[in-house]
Amino acid sequence: MKERLIALIESALDSLIAAGTLPADAKRPVQIDRTKDKSHGDFATNIALMLAKPAGMKPRDLAEALIAALPADSAVAKVDIAGPGFINFFQAEDFLNSQLDAALADAHLAVPRGAPQTVVVDYSSPNLAKEMHVGHLRSTIIGDAVVRTLEFLGHQVVRQNHVGDWGTQFGMLLAYLDEQKHEESAAELSRELGDLEGFYRAAKQRFDESEDFATRARGLVVKLQAGDADCLKLWREFNDVSLSHCQAVYDRLGVSLTPSDVRGESAYNDDLAQVVADLTAKGLLSEDQGAQCVFMDQFKNKDGDPLPVIVQKADGGYLYATTDLAALRYRAGTLGADRMLYFVDQRQALHFQQMFALAKLAGFVPEATELAHMGFGTMNGPDGRPFKTRDGGTVKLIDLLDEAEQRAYALVSEKSGELDEDELRSIARAVGIGAVKYADLSKNRSSDYIFNFDQMLSFEGNTAPYLLYAYTRVASVFRKAGLAMDAVSGDFQLNDDAEQALAARLVQFGEVLQSVADKGQPHLLCAYLYDVAGLFSSFYEHCPILSIDDPALKQSRLKLAALTARTLKQGMELLGLSPLERM
RNA sequence: GCGCCUGUAGCUCAACCGGAUAGAGCAACGGCCUUCUAAGCCGUCGGUUGCAGGUUCGAGUCCUGCCAGGCGCGCCA
């Protein structure tokens, strides 16, 4: 509809220019927005305000001239001038109805799919040396929601779980693993690795207290890097266990990552020397205090001197910058990315600016490829400080999820005690996990946010339980009526304000998804679904569906309910929530 | 010191590319269950958008300067 209106306005502009009312150079991009207030119609443009000055006319006069020159269109019922010179468009009822019918008739809810792109999305990317903690939640959840949305819009998405499976701390872990293997049975060892966090602490303790152990650990790093077979075997064993922990968390969270999406830092080891050689060949590299660096003019350090990107240490070792460059090249070259999205902590903003600039400078990534760091803020506790356990340690993700489910179970069994135990458990899972995910997704990605169980599990406000509940209410209508959601027919009759408001919002699903995909901001979808759920609840209170006598109106309301249900369900699935039929 | 981010109602958060009267929820107060799930709906109260300038038809949004908080800044990732 926006495109359609823009075309109309451009046509009107052209005729005003042809008539000499507007100077030929006065044309500029037409901006059209949805109105916030129903009294301003459905869409508005500020074009008359923008062009008033170059045209030498009063905005309202220009608006009037534009309206007079506007071609007729059956989708537009009325055009008005309002305020200082806004042009307001009122959508024709028939047109809205046809949009609703189109959505209802299509498995994809008539969401348009644009030109498909190959989008590489880097998200989750935990460090395998430790267990996943709350710091990994945001990347994992937000990245997954955006990935699902991109796929729904028809893009080819390549997930990249860039796990930390390399680095000096592995020497310590392998030394400890080796030591324990000799002292314990396989079963004991497996149990011990079950608590990776404890395993890491124990290894660290050994490292700190025993010089002998530390020496062995450092030796193992060298052997590992040299490709020693025994050492690699140990390393793989360790990573397998660690990865299986991650996968358990993903499964529990309902995140779409699988083992085949893992491509860790170590995957680029063989390419690192080549990256440095290529940078040298391009003449980008210079040595500084023994390290191989690239200096780019736009990056300055604290003294105003050029800030280096170090790609090789003085001792010959490589760094994460080197790995990231290799990954950029792989994603552009081998994976054929048109777009790369990095869901990584905001604190690495400078690093990514440098990487992106350098990757293009070095020709590792084509100029046209979009590189975007989708940074996010910190997850804080109710005190506004970084989320920690009572004794100040990091909170394991799995513990957080356990608590969420327990709390949800308590709430669910209180409200719906009549359901059987299995169903209570499964509802508690959807509600508890959904609440944690939704609390994160519904906030603006770039800012810090406060994690609060009570708030996210509340049935009121912009929460997962509220959305899930709204969906069960629609589902319940159809269950009660003994009808399938696709067994509705007839024409829409939207007479009540509540019906119209809901309908008008429902047809915006596609544009919302488009902005989620463009900006990597799932909170836009959350806000939309919350809105739809609220409008439905209002409709549900004010417009009886099943008990109404008029059969045509009943069908219309059933259709509206069906489209609401499908939109809510699809939206929740894109966010990675599990819609429930009952709760 | 330089750079990035943040500052919106008592609290938690919104506000699409600069657009019309800055919106929700919680909390407080008041209504609505013989009728499709009240985990709901309807209403009242609550704001100098950190401060001061500027740009313009119009600024929470853009620019400048302050104030407050967070983060980053050469061989960790």
- Planes under 30° and centres closer than 5.5 Å, is that true for A:F86 with the base of B:A20?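 Answer is yes, a stack.
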Let me have the donor-acceptor pairs involving side chains of residues 284-297 of chain A, under 3.5 Å, with sequence neighbours excluded, atom names and distances please.
unit_1 : atom_1 : unit_2 : atom_2 : d
A:E287 : OE1    : A:Q292 : NE2    : 3.4

Across the strands shown, which category fits [X] at heavy-atom distances under 4.0 angstrom: base, sugar-phosphate, nothing?
X      : value
A:Q289 : base
A:N444 : sugar-phosphate
A:P544 : base
A:C526 : nothing
A:S416 : base
A:N88  : base
A:A527 : nothing
A:D33  : nothing
A:S515 : nothing
A:L546 : base
A:A82  : base

[atom1] atoms of [N] and [M], separation to the nearest Å:
N     : M     : atom1 : answer
B:U56 : B:C42 : C1'   : 41 Å
B:C13 : B:C29 : C1'   : 23 Å
B:U8  : B:U49 : C1'   : 4 Å
B:U44 : B:C26 : C1'   : 16 Å
B:U34 : B:A27 : P     : 24 Å
B:C41 : B:U35 : C1'   : 15 Å
B:A22 : B:C16 : C1'   : 14 Å
B:G10 : B:G3  : P     : 33 Å

Less than 4.0 Å between a side-chain N and a carboxylate O, is that true for [Y] and [X]?
X      : Y      : result
A:D550 : A:K554 : no
A:R34  : A:E511 : yes
A:K38  : A:D497 : no

Give a yes/no on whether any side-chain N or O of [X] is located under 4.0 angstrom from OP1 or OP2 of [N].
X      : N     : answer
A:R347 : B:G70 : no
A:K53  : B:C57 : yes
A:K36  : B:A15 : no
A:Y318 : B:C76 : no
A:S538 : B:C42 : yes

Output all residues satisfying salt bridge (Lys or Arg N to Asp or Glu O under 4.0 Å) with [X], sequence neighbours left out; order by chain, then residue number.
X      : result
A:R4   : A:D73
A:K519 : none
A:E423 : A:R582

May I have the list of side-chain donor-acceptor pairs in residues 163-171 of chain A shorter than 3.5 Å, sequence neighbours left out?
unit_1 : atom_1 : unit_2 : atom_2 : d
A:D165 : OD1    : A:E265 : N      : 3.2
A:D165 : OD1    : A:S266 : N      : 2.8
A:D165 : OD1    : A:S266 : OG     : 3.4
A:D165 : OD2    : A:S266 : OG     : 2.7

- Round to a whole Å and report the spacing from OH of A:Y449 to C1' of B:G70.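 Spelled out: OH on A:Y449 to C1' on B:G70 is 17 Å.
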- Query: Rounding to a whole Å, what distance do you find between A:I310:CD1 and B:C73:P?
  - Reply: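 For the pair A:I310 CD1 and B:C73 P, the rounded distance is 12 Å.
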- Which residues satisfy the side chain to side chain contact (heavy atoms under 4.5 Å, CB included) test with A:D496, sequence neighbours excluded?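 For A:D496, the residues satisfying side chain to side chain contact (heavy atoms under 4.5 Å, CB included) (neighbours in sequence not counted) are A:A498, A:E499, A:C543.
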- Query: Is the ring centre of A:Y466 less than 6.0 Å from the ring centre of A:Y530?
  - Reply: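 A:Y466 vs A:Y530: aromatic centres under 6.0 Å.
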- Query: Are A:Y320 and A:H162 near enough that their ring centres are under 6.0 Å apart?
  - Reply: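 No, the ring of A:Y320 stays outside the 6.0 Å limit from the ring of A:H162, centre to centre.
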Nucleotide nearest [X] (side chain, heavy atoms from C-beta), chosen from [options]:
X      : options             : result
A:K443 : B:U12, B:C16, B:A39 : B:U12
A:F459 : B:C13, B:G40, B:A77 : B:G40
A:K519 : B:A39, B:U37, B:C17 : B:C17
A:T35  : B:A20, B:U37, B:G19 : B:A20
A:V477 : B:C13, B:C36, B:G19 : B:C36
A:Y469 : B:A20, B:C41, B:U37 : B:U37
A:L319 : B:G74, B:G40, B:C76 : B:C76

- Message: Here's a test of your reading of the structure: between A:H542 and A:N46, which maps to the more 5' nucleotide of RNA chain B?
- Response: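 Counting from the 5' end, the first nearest nucleotide belongs to A:N46.
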- Hey, which sits more toward the 5' end of RNA chain B by its nearest nucleotide, A:A44 or A:H523?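 It is A:H523 whose nearest nucleotide is closer to the 5' end.
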In a table with atom names and distances, give each donor-acceptor pair under 3.5 Å that connects a side chain of residues 558-566 of chain A to protein atoms at least two apart or in another chain.
unit_1 : atom_1 : unit_2 : atom_2 : d
A:K559 : NZ     : A:D101 : OD1    : 2.8
A:K559 : NZ     : A:G490 : O      : 2.4
A:T564 : OG1    : A:L560 : O      : 2.7
A:R566 : NH1    : A:L104 : O      : 2.8
A:R566 : NH2    : A:D106 : O      : 2.6

- Item | Letter per nucleotide, 5' to 3', of nucleotides 21-34 of chain B [B base touched, S only sugar-phosphate touched, - untouched; heavy atoms, 4.0 Å] | ---SSS--------
Scan nucleotides 4-8 of chain B against the protein and return all N/O pairs shorter than 3.5 Å with their distances rounded to 0.1 Å.
none

- Message: According to side chain to side chain donor-acceptor pair (under 3.5 Å), who are the partners of A:Y449, at least two apart in sequence or on a separate chain?
- Response: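 Applying side chain to side chain donor-acceptor pair (under 3.5 Å) to A:Y449 gives A:D440.
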- Query: Is the glycosidic angle of B:C33 within 90° of 0, making it syn, or outside that range, making it anti?
  - Reply: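 Syn, which is what one calls it when the glycosidic angle falls within 90° of 0.
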Could you pull out every donor-acceptor pair under 3.5 Å between side chains of residues 533-542 of chain A and any protein atom, sequence neighbours left out?
unit_1 : atom_1 : unit_2 : atom_2 : d
A:S537 : OG     : A:A533 : O      : 3.1
A:E541 : OE2    : A:R473 : NH2    : 3.3
A:H542 : ND1    : A:S538 : O      : 2.7

- Task: Go through A:D345 and A:R347 one step at a time and tell me if the salt bridge (charged side-chain N to carboxylate O under 4.0 Å, His left out) criterion holds.
- Result: CA-CA 5 Å; A:D345 194 306; A:R347 284 175 291 196; 2.9 Å; yes
- Secondary-structure stems, RNA chain B, at least 3 Watson-Crick or G-U base pairs under 3.5 Å: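 Output for stems: B:1-7 with B:67-73, B:10-13 with B:23-26, B:28-32 with B:40-44, B:50-54 with B:62-66.
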